[in-house]
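Along the sequence shown, the residues carry numbers beginning at 1.
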Amino acid sequence: MSTYVPQAAAAVTLPASLDEAVAALTAMPAAVPVAGGTDLMAAVNAGLLRPAGLVGLGRISEIRGWHYQDGHALLGAGLTHARMGRPDFAALIPALAAASRAAGPPQIRNAGTLGGNIVTAAPTGDALPVLAALEATLVIAGPGGARRETPVSHLLAGRDMLEPAELVGFVRVPLLHAPQVFLKATGRTGPGRATASVAVVLDPARRGVRCAVGAIAPMPLRPLEAEQWIASLIDWDGERAALAPEALHAFGEYVAAACIPDPVGEGDEAPPLSPAVLHLRRTVAALARRALGRALA
């Protein structure tokens with residue numbers, strides 16, 4: 001007797017272009033696109049997913065690099081974390097490079113891709129708070145050569161989902177030429193999933209500060225009021241680093257309270273935060289404070 005149940009072989013297609021991949025998904029609606037497979041294959045191996053077919057994206061060279069367009073970097077969705085962590089990319093988008101280097105052990109960084117991080121939309125995805133702080137947009141390929149754009153935040157929030165046979169082809173990121181920082185906390189020493197992460201981006205042209213907090217909610221959170229408050233205190237025409245330490249501390253507390261608010265109770269009394277949530281709020285405050293301090297240094 002055997003408990004082994006044979007599975008039907010899945011059809012595998014290896015297109016050479018983005019439009020060919022879209023056509024393959026149109027012809028096989030039940031097929032699943034796969035690039036690095038770090039999340040998809042984990043689900044398959046765990047028995048959580050049995051795709052009827054696979055459309056491999058590894059041979060599509062157009063989405064494995066980047067180019068410049070109208071003051072933006074157009075990043076291919078097939079860029080691996082390892083490639084984005086290299087010095088030449090770090091000079092272009094430092095926070096995204098830092099997030100890529102923190103994405104996990106070498107085998108994950110070598111296989112995992114930018115597009116996979118976005119489409120999987122795991123709360124702990126390291127690239128997600130950086131893309132939210134940069135206010136990046138997605139270039140989505142559809143049937144018949146169609147292309148449309150949508151903010152990354154809309155996809156992560158479920159406001160604009162991918163339609164059948166659509167693929168994320170590129171990520172459009174503004175080139176700010178200004179300091180940006182990514183920091184994260186993990187539950188153990190070395191590479192690991194984030195318990196909290198923070199991305200801080202300075203935008204001198206707009207005299208603004210953008211901050212996004214990841215891993216503590218289903219999608220990255222933007223503390224907009226905290227951003228506006230701290231931006232009003234920065235001397236954009238002089239020494240930005242002259243911000244008082246008290247202001248940095250207050251910014252961290254402001255961000256943490258906005259992302260992890262106090263519970264609301266009946267009457268005047270509200271239940272206290274649990275020790276675990278209180279620790280998480282302190283972690284977010286420390287990350288936000290340190291990230292802003294490094295960006296202004």
Side-chain angles (χ1 to χ4, degrees), residues 18 60-103 109 112-119 125-141 147-156 160 168-184 197-214 220 222 224 227-228 230-231 234-241 288 291-297:
L18 199 55
I60 305 177
S61 59
E62 63 185 296
I63 62 171
R64 299 180 67 182
W66 71 84
H67 60 276
Y68 308 105
Q69 186 181 80
D70 301 327
H72 291 70
L74 207 58
L75 311 179
L79 277 169
T80 64
H81 299 301
R83 182 65 189 89
M84 292 187 291
R86 294 181 186 176
D88 59 339
F89 191 92
L92 185 71
I93 311 174
L96 190 53
S100 298
R101 289 192 293 266
R109 298 197 304 271
T113 62
L114 177 62
N117 214 211
I118 295 168
V119 174
D126 292 320
L128 303 185
V130 178
L131 296 175
L134 290 169
E135 297 182 348
T137 59
L138 303 176
V139 179
I140 298 173
R147 298 290 187 272
R148 68 180 181 91
E149 295 193 20
T150 188
V152 170
S153 58
H154 286 194
L155 180 68
L156 298 179
D160 188 0
V168 174
F170 301 92
V171 182
R172 189 188 302 276
V173 178
L175 295 176
L176 301 177
H177 304 292
Q180 46 187 259
V181 177
F182 170 81
L183 296 175
K184 82 173 188 178
S197 60
V198 171
V200 169
V201 174
L202 300 187
D203 189 350
R206 298 182 180 179
R207 296 173 178 256
V209 176
R210 301 182 203 161
C211 175
V213 179
R222 288 280 302 276
L224 299 179
E227 294 177 1
Q228 296 168 3
I230 199 64
I234 296 176
D235 180 9
W236 295 101
D237 297 319
E239 293 292 332
R240 292 198 298 260
L292 180 62
R294 293 185 186 183
L296 292 172

K.L.:
I need the minimum non-hydrogen distance between A178 and P204, along with the two atoms involved.
P.N.:
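Shortest heavy-atom contact: CB-CD, 3.4 Å.
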K.L.:
Is the shortest side-chain heavy-atom distance between C211 and V198 below 4.5 Å?
P.N.:
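Sidechains of V198 and C211: in contact.
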K.L.:
Can you tell me how far the CD1 atom of I63 sits from the CG atom of L74, to the nearest 0.5 Å?
P.N.:
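Taking CD1 in I63 and CG in L74, the distance rounds to 12.0 Å.
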K.L.:
For atom CZ of R206, decide whether the heavy atoms of other residues, nucleotides or ligands shown that lie under 6.0 angstrom number more than 12.
P.N.:
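Not more than 12 within 6.0 Å, no.
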K.L.:
For the side chain of K184 and the backbone of D126, is there at least one donor-acceptor N/O pair under 3.5 Å apart?
P.N.:
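Looks like no, no N/O pair under 3.5 Å.
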K.L.:
Tell me, please, which residues at least two apart from A98 pass side chain to side chain contact (heavy atoms under 4.5 Å, CB included).
P.N.:
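For A98 the side chain to side chain contact (heavy atoms under 4.5 Å, CB included) partners, ignoring immediate neighbours, are R101, F182.
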K.L.:
Please enumerate all residues that pass side chain to side chain contact (heavy atoms under 4.5 Å, CB included) together with P151, with sequence neighbours excluded.
P.N.:
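Applying side chain to side chain contact (heavy atoms under 4.5 Å, CB included) to P151 gives S153, H154.
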K.L.:
Measure the spacing between CZ of F170 and NE2 of H72 and express it to the nearest 0.5 Å.
P.N.:
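Going from the CZ atom of F170 to the NE2 atom of H72 covers 15.0 Å.
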K.L.:
If we ignore hydrogens and angles and just use 3.5 Å, is the side chain of N117 paired with the main-chain N or O of A127 as donor and acceptor?
P.N.:
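Pair found, side chain donor or acceptor close to backbone of A127.
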K.L.:
Between V209 and L202, does a side chain to side chain contact (heavy atoms under 4.5 Å, CB included) hold up when you go through it step by step?
P.N.:
CA-CA 5 Å; V209 176; L202 300 187; 3.9 Å; yes
K.L.:
Between CZ of R207 and CG of D235, what distance do you get to the nearest 0.5 Å?
P.N.:
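Spacing of CZ (R207) from CG (D235) equals 8.5 Å.
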K.L.:
Tell me every residue that passes side chain to side chain contact (heavy atoms under 4.5 Å, CB included) with R147, counting only those two or more places apart in sequence or in another chain.
P.N.:
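R147 satisfies side chain to side chain contact (heavy atoms under 4.5 Å, CB included) with L18, D19, V139, A141 once adjacent residues are dropped.
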K.L.:
Is there a donor-acceptor contact under 3.5 Å from the side chain of W66 to the main chain of V171?
P.N.:
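No: the side chain of W66 does not pair with the backbone of V171.
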K.L.:
What pairs with S61 under side-chain hydrogen bond (donor to acceptor under 3.5 Å, both in side chains), at least two apart in sequence or on another chain?
P.N.:
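None.
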K.L.:
First locate atom CD1 of I140, then atom CZ of R148, and finally report the distance between them rounded to the nearest 0.5 Å.
P.N.:
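With rounding to 0.5 Å, CD1 (I140) is 4.0 Å from CZ (R148).
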K.L.:
Measure the CD1-CD1 distance between I234 and I230 for me, rounded to the nearest 0.5 Å.
P.N.:
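I234 CD1 to I230 CD1: 6.0 Å, rounded to 0.5 Å.
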K.L.:
Write down the atom of P129, the atom of P220, and the distance for their closest heavy-atom approach.
P.N.:
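Minimum heavy-atom separation between P129 and P220: N-CG, 3.9 Å.
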K.L.:
Atom CG in L224, atom CZ in R210: separation rounded to 0.5 Å?
P.N.:
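Going from the CG atom of L224 to the CZ atom of R210 covers 11.5 Å.
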K.L.:
Which atom pair, heavy atoms only, marks the closest approach of F89 to A97?
P.N.:
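Of all heavy-atom pairs spanning F89 and A97, the closest is CD2-CB, 4.2 Å.
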K.L.:
Side-chain donor-acceptor pairs under 3.5 Å in residues 76-86, sequence neighbours left out?
P.N.:
residue	atom	partner	partner atom	Å
T80	OG1	R83	N	3.1
R83	NH1	D88	OD1	3.1
R83	NH2	D88	OD2	2.7

K.L.:
Which residues satisfy the side chain to side chain contact (heavy atoms under 4.5 Å, CB included) test with L134, sequence neighbours excluded?
P.N.:
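L134 satisfies side chain to side chain contact (heavy atoms under 4.5 Å, CB included) with I93, V130, V173, L176, Q180, V201 only.
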